Amino acid sequence: MIGKSIKSLALTQQVLLFASTYLMIYLNPVNDFMRSIGKIWVVVASLLIIFFGIVVFLYFIERRISKLEKEFDNEQQEH
Amino acid sequence: MEGFRKHWYKWLSVAILVYVIAAGMLVPLRPGLMKTDAFNIQAGESHELTVQSYNTFYSKAENHRAWLRLHEEFTLLASEVEVVDDRHIKATFDIPEKMPTSERVAMASLIVDTDYDGSMVLPAAVSIIGQEGLEADPGPWLVEPIRDLSHRWTWSFPWRNILEETIRNTYYHVPMWFGMMLIFLLSAFYAVKLLRTGDQRFDSRVYSLNLTGTILGLLGIFTGAIWARYTWGSYWSGDIKQDMAAITLLIFMAYFLLREAMSPGVKRGRVTAVYTLFAFLASIPLLYIIPRMQPSLHPGSGGNPGFGGDDLDNTMKTVFYPAIIGWTLFSYWISNVVYRLSELKRRSLEKNYS
Amino acid sequence: MTLAGFGAMVRHEFLLEFRHRFASAALLVYVIAVAFIIYLSFASPEPAVWNALFWMVILFSGLQSGTMAFLREFGDAHLFYYQYVHPLSLFLAKILSVWLKLFMLALLAWFVMGVVLGNPIVDVGMFFLAVLLGSLGFAVVFTFLSAVALNANNSGLLLAVLGFPVLLPVLLSVMRLSLVSMAVRDVDATESFLMLVAVVMLLIGLGLILFPYLWKN
């Protein structure tokens, strides 16, 4: 008898656990912008990150080139 | 013609990347099941399940069938399937009173098959709760096996439940890591050449490749973090691969610190090349052995959906392999620009000192 | 290839150690003090926490001994080494001295932490092996990187930055093995042991191949 009630208690727990996870995920879905249209905006964000990473890199390179140009000009003036 | 022979890999990388971005973003996902409106079904009752799906065209199909499946072998055909609209159907299941096995609660997956979209699976769709005190009877669950599934081939990427459209990140996030690894490998190769020949041009090579590799790694970390936020739940999820990637970046950031802390010259080239080699080779167990010894949340490992194994299917390979080649060639181009710049700087320093 | 001057270098190392015995004594006091601080803040930690704290203590003593390996002698001594000693015998002698020192510090830390915090180790022999191999791995990494950092300014801080990421493979595998020796995690002991041996061998091999390039002027 006790064994059976423990078993059914464990069962209830199992059901409750599953139900609560289910409720969390399915019944209160997080419907924000990033998750809309099958989370496609996450991919868009990734592509934008890569694009802006390349832009920042270009900026960095350009600054190094300006520095070299300045050094070059200073040398020309000295001669 | 001369220009083409010198710049062929740049044109190639751009062409490949245009293809990768266009195909990777435009090819649709295969139809798939998103969710049902119920989570518990009592055995012995008739239940109407509303199924929401993605990219399906139910109204274009004529023949709709749905099954519940337990433990791969027990199946139950829906007595009625009603089309609500293109993305929704209602399937009615008459669940037998007796469960097929001795367990009282069983998770069933849902399988829907139409003659337009083909067959789709939703794993762990509902849990079926049996009544107490009844014996198991697999009989009614073996009457209607799943057969004659329709199949229609289209150029499309597989549907995976949590991944959804982010499966496309396989072409933008994953190649960052492959590219980083190849670039660092090349850098180690040039570090060996520097140590063997003492040619200072190789120091600029090592520097430029390390810089490019680090940029790729950073982009990989950032794209991975934003992806993890919407699939695993948080930006940093304590995943072993995430941690190892961060450590690799720390190693190469230490390289730049060491380089900054030394004055330019032959000695700096040699010492930083030695450190590059030592750190790169010492991190091989970190990057290739330890992550394989521990479970990871990453798709493709430990039964997770997505990359690798069955999940990198042939359609995805037609975009994924070019993506690796394209991004690697493109980053090699970037590293060449940095190389020429740091060579210019080194030569001007050399001229000033002599 | 002969390791010219290896014996002399080892003797020199131990003389040097004796001359700087106060530095080593400071490390001893550091280990005891840290163990006591851990005791005051944790009382009785879980085996896994004990393990992590133990290796952190060894990590920082290793950093300190590594800093001492090359950075305590200045220009003249190095010039002398360049001229008379084969780079590998210099490297091996330094590793040997750092290893011995770290190993003794680790045993001391084990003893002190065992007294004040309790001893969670079940398989003493395996933990001893883990300490022996782990301190060797630490010694190789810190000695090698100490020679790298020697060339830059602010080398003490740089050593920490260079060292910690490279040290991680050793640290992870040695912590795994010592967790096995505490019987807390069900991991294959042989696999963990072989992993640690492989990592340490890799580091020694890399050190032996690369050190001569570093030690050239």
Side-chain angles (χ1 to χ4, degrees), chain A residues 4-5 7-8 10-27 29-30 32-58 60-76 78-79, chain B residues 21 24-25 29 32 34-40 52 54-55 103-105 107 124 126-127 129 132 159 162-173 176 211-212 215-216 218-231 327 330-331 334 337-338 341-342 344-345 348-349 351-352:
Chain A
K4 207 175 177 185
S5 67
K7 217 174 168 183
S8 72
L11 182 77
T12 324
Q13 269 180 348
Q14 204 183 335
V15 172
L16 276 178
L17 191 75
F18 176 63
S20 58
T21 348
Y22 190 95
L23 277 172
M24 249 165 54
I25 299 170
Y26 290 94
L27 298 188
V30 198
D32 56 2
F33 174 70
M34 290 296 278
R35 284 186 181 84
S36 58
I37 328 179
K39 302 181 186 174
I40 187 70
W41 297 111
V42 174
V43 186
V44 174
S46 296
L47 272 172
L48 285 179
I49 287 173
I50 294 170
F51 175 72
F52 282 108
I54 295 169
V55 168
V56 167
F57 166 79
L58 263 179
F60 165 83
I61 288 290
E62 196 181 10
R63 243 184 32 186
R64 302 261 311 251
I65 289 180
S66 316
K67 234 194 238 168
L68 262 182
E69 273 175 348
K70 230 178 247 167
E71 272 172 36
F72 183 77
D73 287 347
N74 287 347
E75 254 171 58
Q76 296 293 88
E78 277 168 27
H79 287 299
Chain B
I21 292 173
M25 293 304 278
L29 284 196
M34 289 180 92
K35 58 186 179 186
T36 62
D37 64 338
F39 52 90
N40 283 340
Q52 189 188 336
Y54 195 81
N55 275 5
E103 55 184 1
R104 264 202 58 204
V105 176
M107 297 284 277
V126 287
S127 70
I129 301 172
E132 213 158 329
W159 162 267
I162 296 166
L163 295 183
E164 304 180 8
E165 298 277 1
T166 67
I167 202 163
R168 298 173 200 275
N169 253 13
T170 315
Y171 320 125
Y172 313 116
H173 161 74
M176 295 292 132
L211 185 67
T212 320
I215 291 171
L216 285 179
L218 282 175
L219 290 179
I221 286 243
F222 287 133
T223 52
I226 189 127
W227 178 82
R229 171 75 183 79
Y230 295 100
T231 47
W327 286 113
F330 187 70
S331 35
I334 290 180
V337 174
V338 183
L341 191 60
S342 81
L344 265 184
K345 181 141 197 206
S348 85
L349 270 178
K351 211 170 72 190
N352 286 354

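We name chains A, B, ... by the order of the sequence lines, and we start the count at 1 in each one. All values derive from a computational prediction rather than experimental measurement. Computation of the quantities below employed the complete heavy-atom set of this structure, encompassing side-chain atoms and omitting hydrogens, waters and symmetry-equivalent molecules.
Remark: W227(B) CH2 is packed, more than 12 non-hydrogen atoms of other residues, nucleotides or ligands lying under 6.0 Å away.
The minimum heavy-atom distance between T223(B) and S46(A), with the atom names listed, is CG2-O, 3.6 Å. For I50(A) against Y172(B), the heavy-atom pair with the smallest separation is CD1-O, 3.4 Å. Of all non-hydrogen atoms in L219(B) and G53(A), the two that sit nearest each other are CD2-CA, 3.9 Å. For the pair G38(A) and E164(B), the tightest heavy-atom approach, listed with the atom from each and the gap, is CA-OE1, 3.2 Å. Considering every non-hydrogen atom in both L341(B) and I65(A), the closest pair reads CD1-CG1, 3.5 Å.
Between atom CG of residue L47(A) and atom NE2 of residue H173(B) there is a gap of 13.0 Å, rounded to the nearest 0.5 Å. Put simply, CZ on F51(A) and CD1 on I21(B) are 10.5 Å apart, with the number rounded to the nearest 0.5 Å.
Among L68(A), L48(A), L58(A), the residue with the largest count of heavy-atom pairs under 4.5 Å with chain B is L68(A).
In this structure the side chain of F330(B) reaches within 4.5 angstrom of the side chain of I54(A), judged on heavy atoms.
For chain A, the nearby part of I215(B) is the side chain; its heavy atoms alone come within less than 4.5 Å. Neither the backbone nor the side chain of L29(B) comes within less than 4.5 Å of any heavy atom in chain A. In this structure, the portion of Y54(B) lying under 4.5 Å from any heavy atom of chain A is its side chain and not its backbone. Of the two parts of F72(A), neither the backbone nor the side chain holds a non-hydrogen atom closer than 4.5 Å to a non-hydrogen atom of chain B.
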Between V42(A) and E165(B), is the side-chain contact (heavy atoms from CB on, under 4.5 Å) condition met? List the steps. CA-CA 8 Å; V42(A) 174; E165(B) 298 277 1; over 6 Å; no
Please step through side-chain contact (heavy atoms from CB on, under 4.5 Å) for the pair L211(B) and F60(A), ending with a clear verdict. CA-CA 12 Å; L211(B) 185 67; F60(A) 165 83; 3.8 Å; yes
Step by step, work out the side-chain contact (heavy atoms from CB on, under 4.5 Å) result for F57(A) and T212(B). CA-CA 9 Å; F57(A) 166 79; T212(B) 320; 5.9 Å; no
Determine whether R64(A) and S342(B) satisfy the following criterion, side-chain contact (heavy atoms from CB on, under 4.5 Å), listing intermediate values before the conclusion. CA-CA 9 Å; R64(A) 302 261 311 251; S342(B) 81; 4.3 Å; yes
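Put simply, the side chain of K39(A) gets close to the backbone of I162(B): a donor and an acceptor are under 3.5 Å apart.
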